[in-house]
Amino acid sequence: MKICVVGSGGREHALATVLRRHHEVVVTPGNPGIPGSVSTPATELEADLYVIGPEAPLVAGLADELRAMGRLVFGPGADGARLEGSKAWMKDVLVEAGVPTAAHGTFDSIEPAFAFLDTLDGLYVVKTDGLAAGKGVVVTTSIDEARDAVRDYLSGEAFGDAGRTLVIEEGLTGPEVSVLAICDGTRAFALAPAQDFKRIFDGDLGPNTGGMGAYSPVPVATDDVVAMVMNDCVAPTLATLRAKGIDYRGVLYAGLMLTPTGPKMLEYNVRFGDPETQVVLPRLTSDLGELLAQAAAGELRDAPTFDNGAAVTVVCAAEGYPRDVRTGDVIEGLDAASAIEGVSVFCAGVTADADGRLITAGGRVLAVTGQGADIAAARSRAFEAVGHISWPGLQHRNDIAASAII
Ligand code: AMP
Ligand code: GLY
C-alpha cells in the first residue's frame with residue numbers, strides 16, 4: 001500500500017517508521033527530520049490509506065473530507081473526534097456508557113464552579129473543555145490555586161475560548177496507564193499498554209506537559225486490567241457512540257488511573273498518544289498498515305502482536321517548555337545517538353537551517369526510544385542515546401521508567 005500519514009511530530013515519525021516496514025509512506029506536512037515528508041496537503045495526495053495523527057485536523061473534520069472523496073481513512077470523523085474536542089461531552093458519553101470515571105461537573109461561570117470546588121475532598125482538578133495541547137489541566141491540593149485556574153480559564157486569558165467552559169473533577173490517585181484501542185466502528189483491539197510521564201520535572205513535579213517520556217509494557221497494567229478496560233470501557237463507549245450514529249474508526253486512547261477502587265477513565269483521546277506511540281509501535285511484530293487498513297474499512301480481523309521485550313522513550317524538550325520556549329539552536333549528536341543498537345530518534349519540534357542542519361523549533365523536540373529485552377535494558381539504551389544529544393537549554397527527565405524496573 002501507499003500510506004499517507006498526516007501530522008508533523010514525533011508520533012507521526014514513529015507511525016511512518018513502523019508503517020514503512022511493510023509499505024510505502026509519505027508524511028504531510030512532516031518535518032525535516034522525518035524521511036518522506038512532503039508539503040502537499042493530504043487532500044491532494046493519492047494514497048491507499050490515510051492515517052491522521054493529531055487531534056486538531058480530526059476535530060476539524062479532515063477524516064470526513066477525505067472519506068467524502070472516497071478515500072480509506074484511519075481516524076474518526078468530526079462527530080467522534082468531539083470526544084477529545086469537548087471534555088464536557090466526553091464526560092457525558094462516559095456516564096451514558098457506564099464507564100467508571102471521576103465525579104465531575106461542567107461550568108461556565110465562577111460562582112457555581114467555586115461552590116463545586118467546595119464539595120471536593122482536598123485534591124482539585126480543573127480542565128478546559130476545549131483543546132489545549134495537553135496543558136489545560138490543573139491538579140492541585142490548593143483551593144486557591146484551583147480557584148485561580150477557574151478565573152483564568154473562564155476569562156479566556158489562559159486558553160482563549162477552549163477554557164470558557166470548564167470541567168471540575170474530584171482528584172483521583174494511583175498509577176496512570178494508557179491503553180490505545182484500534183477501533184473499526186464495532187470491534188476493537190488493544191495495543192500494548194504504556195505509561196506516560198506528564199509533568200515536566202523528575203518526581204512528577206512542575207506543570208503538566210504533552211508528555212515527557214513513556215515506557216511499555218507496564219507491570220501494573222496486567223492482561224486482566226487491559227481486558228477490563230476493553231470490556232468495561234472501550235466496548236460500551238463504542239456501543240454508545242454507535243447508538244448516536246457515530247461510526248468510530250480510529251484510535252480510542254483510554255487514559256486511565258488505577259485507583260484503589262479500580263481503574264477509572266481520566267480521558268479519551270481520539271488519536272495515537274504522543275509519546276506513547278514512540279514506545280508502543282516499535283514493539284509491534286505484526287503489520288501496522290494492514291491493521292489500520294482493516295480498521296478503516298470496518299473489517300478488523302487480525303489482532304496485533306508485540307515482542308516480549310520493552311521500550312522506553314525520553315523526550316528532549318527545549319528550554320522553557322511547557323511555557324515560552326527557546327528555539328533556533330542546532331541539535332548536536334543525532335547521528336551518534338541513532339547509531340546505538342536498539343535506539344530510534346523520533347523528530348518533533350525541529351526544522352532545518354540553510355545548511356540542512358536540524359535546529360530546535362518547538363517545545364518537545366525529540367523522543368529518543370530505546371528497546372531491549374526488559375525495561376532496564378531499554379532504559380539504559382534510551383539514556384545512553386540521550387547523553388549524546390545536546391543543544392543549549394535541552395531539558396529531559398532522568399526518572400522515566402525508573403520505578404518500573406522489577
Ligand atoms: P487529561 O488531559 O484529562 O488526561 O489530564 C492530564 C493529566 O492530569 C492526567 O494524565 C493526570 O495526570 C491528571 N489528571 C487528570 N484528571 C485527573 C483526576 N481526576 N485526578 C487526578 N489527576 C488527574
Ligand atoms: N501522551 C499524552 C497524549 O498524547 O495526550
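Whatever order the structure lists ligands and atoms in, that order sets their numbers, starting from 1. Keep in mind it's a predicted model, so treat the numbers as computed, not measured.
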Are L62 and T43 close enough that some pair of their side-chain heavy atoms sits under 4.5 Å apart?
-> yes
So which heavy atom on A337 is nearest to which on A385, and how close?
-> CB-O, 3.5 Å
Contact with ligand 1 for G255, non-hydrogen, under 4.0 angstrom | no
Residues two or more places apart in sequence or in another chain: which of them pass side chain to side chain donor-acceptor pair (under 3.5 Å) with Y321?
-> none
With R11 via side chain to side chain donor-acceptor pair (under 3.5 Å) - residues at least two apart | none
For the residue pair F74 and F272, what are the closest heavy atoms and their distance?
-> CE2-CE1, 3.7 Å
Atom indices of ligand 1 within 4.0 angstrom of G171 heavy atoms, with elements | 20 (N)
What do you reckon, is CG of D121 surrounded by more than 12 foreign heavy atoms closer than 6.0 Å?
-> no
Which part of N208 is near ligand 1, with near meaning a heavy atom under 4.0 Å away: side chain, backbone, both or neither?
-> side chain
Would you please determine whether H104 falls within less than 4.0 Å of ligand 1 on a heavy-atom basis?
-> no
Does G210 reach ligand 2, in the sense of a heavy atom lying below 4.0 Å from it?
-> yes
Between the candidates V139, V138, V167, L172, which shows the shortest non-hydrogen contact distance to atom 14 (N) of ligand 1?
-> V139
Which ligand 2 atoms does R271 reach within 4.0 Å, using its non-hydrogen atoms?
-> 3 (C), 4 (O), 5 (O)
Among the heavy atoms of F272, does any lie under 4.0 Å from an atom of ligand 2?
-> no
Which atoms of ligand 1 sit under 4.0 Å from any heavy atom of E170?
-> 18 (C), 19 (N), 20 (N)
So, does P275 sit close enough to ligand 2 that a heavy atom of it is under 4.0 Å from the ligand?
-> yes
Subset of ligand 2 atoms that lie under 4.0 Å from at least one heavy atom of N269 = 5 (O)
Go through ligand 1 atom by atom and flag the ones less than 4.0 Å from a non-hydrogen atom of V125.
-> 16 (N), 17 (C), 18 (C), 19 (N), 20 (N)
Would you mind checking if D204 and R199 are paired as a salt bridge, meaning a charged N to carboxylate O distance below 4.0 Å?
-> no
Atom indices of ligand 2, in the order listed, that fall short of 4.0 Å to a heavy atom of D196 | 1 (N), 2 (C)
Applying the side chain to side chain contact (heavy atoms under 4.5 Å, CB included) test to V25, which of M1, E12, K2, R20 qualifies?
-> R20
Return yes when atom CG of D223 has more than 12 non-hydrogen atoms of other residues, nucleotides or ligands closer than 6.0 Å, and no otherwise.
-> no
So between L266, T128, T173, whose heavy atom ends up nearest atom 17 (C) of ligand 1?
-> L266
For ligand 2, which atoms sit closer than 4.0 Å to a heavy atom of K198?
-> 2 (C)
Identify which of K127, K198, K87, E176 has a heavy atom lying nearest to atom 12 (O) of ligand 1.
-> E176
Close N or O approach (A102, ligand 1; < 3.5 Å) | no
May I ask whether G273 places a heavy atom under 4.0 Å from ligand 2?
-> yes
Closest approach of L45 to T28 (non-hydrogen atoms, all atoms of both residues) = CD1-CG2, 3.9 Å
Donor + acceptor pair across side chains of Y253, E276 (<3.5 Å) = yes
